[in-house]
Asker: 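Here you go, one structure.
Chain letters run A, B, ... following the sequence lines, proteins first and then strands; every chain starts at 1. Here the structure is a predicted model, which is why all the values come from computation and not from measurement.
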Amino acid sequence: MLDTILCIDDDPITLMLCKMVITKASFSNEIATARNGEEALNYFNTLKNTNSDGESKRLPQLIFLDLNMPVMGGWEFLDCFCSDDYSDYNHIKTIILSSTIDPEDLKRSKKYPMVIDFLSKPISKEMLEYVKIKINSTP
Amino acid sequence: MKNKTNQIALIYVLISIFLAIVSHKLLPKHLSFTDFSSYIFINDILFILVSGILIKYLLYKNDIKNSSVFKKLKKSNDEIKESNERYDIVAKATSDTIWDWKIEEDRLLWNKGIEGVFGYKQDQVGKSSKWWFENIHPEDSIKMSIKLYSFIEQKTEKWQDQYRFKCADGTYKYVLDRGFILKDEEGKVVRMIGAIQDITKQKEEEQRLKLLETVITQTKDSVIITQADLNDGEIPKIIYVNPAFSVMSGYSSDEIVGKSPDLFIGQNSDSQEYEKLINAIKNKEECQVETINYTKNKEEYWVSFSMLPVNNSDGELSHWVSIQRDITDEKKQEIEKEQLIRELTQNNKDLQQFSYITSHNLRAPLSNLTGLLSLIEDIPIDNQELRAVLDGFNKSTNLLNETINDLVKVIVIKDNPSIQKEDVQLKEVFENVFSQLDFLIGLHKPIIKIDFEKVKFLNTNKAYLESILLNLLTNAIKYRSEKHQSKITISANKVHNDVVMIFKDNGIGIDLLRNKDKIFGLYQRFHDYPDSKGLGLYLVKSQIETMGGTISIESEVNIGTTFTLTFKNK
């Protein structure tokens with residue numbers, strides 16, 4: 001059971017679904033959400049600023065990232081996140097969760113070292129089992 | 001001569017009489033009368049001696065004269081003999097037939113050539129000019145005799161004509177006849193001597209060359225012949241152009257001979273192609289370029305310009321032959337075609353983008369539906385009606401999901417005309433497929449026989465192969481016959497470079513008479529069974545054809561279906 005997970009997706013229903021499934025599978029304690037890449041970056045910014053506060057948000061151990069989002073999409077988020085500004089955080093394992101079929105997207109995802117997998121929506125219990133095994137086996 | 005002998009005789013007589021008178025007068029003075037007989041005797045002896053001396057002198061003179069005449073005669077005789085010999089040898093050596101026509105008597109003599117060249121034996125040869133004229137080809141004889149007689153009238157020195165002469169065997173030979181006339185002192189033509197040369201071979205060669213020449217002069221392609229050497233880095237100078245050239249370029253033959261084809265180059269001509277041409281000429285290699293040329297009126301046209309080296313009999317480069325074709329129309333079409341292809345490709349790309357985006361936008365909410373529905377599974381529902389509704393919801397959503405997934409697969413296949421191939425072990429793929437259909441197989445328990453002994457490995461795309469087998473096996477199980485146990489056999493065989501896989505079942509079959517054309521079509525179903533979207537076979541066909549293979553079907557209703565798949569094993 002992980003402590004905190006961050007789900008970044010613009011669709012509220014998807015977020016709701018994610019929360020419900022993750023809770024049911026007892027996959028994580030806390031589930032943080034962001035509606036787009038920009039919100040996600042802000043989340044990490046706040047994390048930086050509030051360090052030892054007891055109420056501070058906790059550092060997520062896994063990120064579920066959607067690609068098609070307004071304001072800042074998945075790729076832009078990853079590009080920003082891999083920069084030195086977020087050097088404390090860009091080791092966090094990320095799973096891209098998308099409904100795209102474009103093989104170009106799959107290829108592109110391999111370019112980012114923090115992305116450990118590319119999975120298709122919808123999220124499910126079995127998927128979480130698979131993810132659990134994967135994060136335990138990869139260093 | 002008669003006069004001379006008379007003269008000499010007269011002189012002799014006169015001298016003798018003189019001598020006789022002298023001695024008659026003298027001797028009586030020196031001698032007496034009684035020595036009459038001795039007087040006569042002395043007179044006679046004196047007379048004889050003097051006559052003897054005179055005769056000797058005269059004969060001697062005659063002799064000299066005779067021998068000098070004889071020498072002269074002998075000399076000219078020898079010359080004549082030599083000349084005759086020469087004539088004989090020349091007549092033998094030459095293949096010409098020599099004739100000698102004495103015009104007044106109309107006697108015509110031929111040398112041996114008449115036999116050697118035309119095959120006439122001595123007895124076949126006529127004696128007069130009539131025979132000669134009779135053997136001239138009827139088409140030529142009138143023209144020839146007119147020319148001959150007018151020549152004789154005009155008394156010009158030399159005559160020459162070409163006509164056909166009949167040989168002994170009836171065939172005609174082309175001849176060149178040359179003659180000289182001999183006139184007498186009054187200027188009248190008395191004799192004519194000529195030589196006939198057999199020019200049949202030359203004539204034939206001439207006609208052959210004329211025929212070949214018409215190829216160059218009549219062809220629509222423009223032909224240029226140039227000198228061999230580059231001229232200051234320009235293309236070699238032109239020495240001949242054919243009529244088609246003038247039509248194509250607007251330059252007449254006089255205007256362009258002696259100039260270099262560099263004249264045709266203008267603004268839009270391709271300088272790279274020009275360089276290519278110059279280099280090929282330097283290296284004495286043949287070359288073909290396409291570029292824009294300019295006519296005399298500075299109009300542009302596309303030309304295909306080829307340059308071929310021509311060697312003389314010593315094997316050295318003597319000329320270049322260039323053939324040009326006006327390809328303006330073809331080029332235009334090419335450009336249009338390329339434009340069309342670009343537009344189509346762009347269109348295709350756009351459509352594909354569109355389908356990706358659309359499918360994504362469809363799948364996003366669909367994934368939500370699926371996720372939500374799976375959550376519902378865990379929530380206990382007591383209301384029967386609600387449960388039924390949710391059930392239907394579930395089924396329809398699943399079907400929708402699968403349809404979209406299949407469509408997506410189709411788009412991906414169409415997008416990838418060339419796919420990766422690898423060596424896959426058939427047994428392994430099958431085990432994979434079986435494990436995916438574990439549930440179905442466990443439920444219906446079909447007898448599945450596989451035979452991959454002859455072909456263990458196949459060079460193909462693993463994912464596609466798996467998908468094809470999954471589809472076919474699913475179909476075979478789904479559409480089994482209720483009447484007997486389902487039996488499915490799958491075997492593979494090598495046929496030349498291909499691998500043929502046979503997938504046979506004993507299920508409900510398909511009515512091919514009705515559905516032959518639709519069998520592999522999109523969204524085609526041939527039965528009432530549920531769970532069928534009509535996409536499976538379409539997908540299978542797309543996948544196998546993308547890999548360069550083929551699929552065919554044989555089926556009978558209630559007996560079974562056999563699919564024959566051919567994979568290219570390279």
Side-chain angles (χ1 to χ4, degrees), chain A residues 5 7-28 31 33 35-37 64-71 73-75 95-110 117-131, chain B residues 348-380 393-394 397-398 400-420 435-436 438-439 461 463-464 467 539 542-543 546:
Chain A
I5 296 185
C7 289
I8 312 173
D9 200 314
D10 63 320
D11 189 346
I13 300 180
T14 312
L15 285 176
M16 180 196 85
L17 207 56
C18 273
K19 272 194 176 165
M20 289 173 94
V21 175
I22 291 174
T23 315
K24 281 213 164 205
S26 306
F27 190 71
S28 169
I31 303 154
T33 61
R35 297 287 295 279
N36 54 54
F64 281 107
L65 176 65
D66 183 25
L67 291 176
N68 290 54
M69 297 181 288
V71 182
W75 299 123
I95 291 180
I96 295 185
L97 195 62
S98 181
S99 37
T100 182
I101 46 153
D102 198 339
E104 289 296 311
D105 286 333
L106 189 60
K107 260 203 260 174
R108 200 172 167 186
S109 71
K110 303 220 164 101
D117 213 329
F118 191 115
L119 299 172
S120 289
K121 290 186 190 171
I123 193 167
S124 63
K125 270 198 279 187
E126 294 80 20
M127 186 190 284
L128 290 176
E129 292 294 319
Y130 164 82
V131 169
Chain B
N348 247 13
K349 268 209 185 92
D350 292 341
L351 279 173
Q352 203 159 63
Q353 252 333 90
F354 179 76
S355 37
Y356 277 146
I357 294 169
T358 312
S359 78
H360 171 270
N361 286 354
L362 288 172
R363 294 177 88 218
L366 199 52
S367 70
N368 281 347
L369 283 172
T370 317
L372 290 168
L373 280 168
S374 68
L375 280 180
I376 288 177
E377 310 241 313
D378 295 334
I379 302 171
F393 218 125
N394 210 349
T397 311
N398 276 335
L400 182 60
N401 204 20
E402 278 174 31
T403 306
I404 292 193
N405 281 341
D406 285 343
L407 279 175
V408 157
K409 277 194 214 154
V410 168
I411 294 176
V412 169
I413 294 171
K414 294 281 185 225
D415 187 30
N416 283 330
S418 58
I419 34 114
Q420 308 159 296
S435 66
Q436 288 184 50
D438 216 11
F439 178 68
N461 181 291
Y464 281 12
S467 166
L539 211 55
S542 297
Q543 283 165 336
T546 305

Asker: What's the separation between atom OG in A:Ser99 and atom CG in B:Leu366, rounded to the nearest 0.5 Å?
Answerer: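 Rounded to the nearest 0.5 Å, the OG-CG separation comes to 9.5 Å.
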
Asker: Heavy atoms only: give me the nearest A:Pro122-B:Ser367 pair and the separation to one decimal.
Answerer: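 Here A:Pro122 and B:Ser367 meet closest at CB-O, 2.9 Å.
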
Asker: Given the options B:Leu362, B:Asp378, B:Thr370, which has more heavy-atom pairs under 4.5 Å with chain A than any of the others?
Answerer: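 Option with the greatest count: B:Asp378.
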
Asker: Within this structure, what is the CG-CD1 distance for the pair B:Asn368 and A:Ile123, rounded to the nearest 0.5 Å?
Answerer: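 Going from CG on B:Asn368 over to CD1 on A:Ile123, the span is 11.5 Å.
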
Asker: Report which part of A:Thr14 has an atom under 4.5 Å of a heavy atom belonging to chain B: side chain, backbone, both, or neither.
Answerer: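 When you check distances to chain B, atoms from both the backbone and side chain of A:Thr14 fall under 4.5 Å.
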
Asker: Taking the side chain as every heavy atom from C-beta outward, state whether A:Lys24 and B:Leu375 have any atom pair closer than 4.5 Å.
Answerer: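 A side-chain contact under 4.5 Å exists here.
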
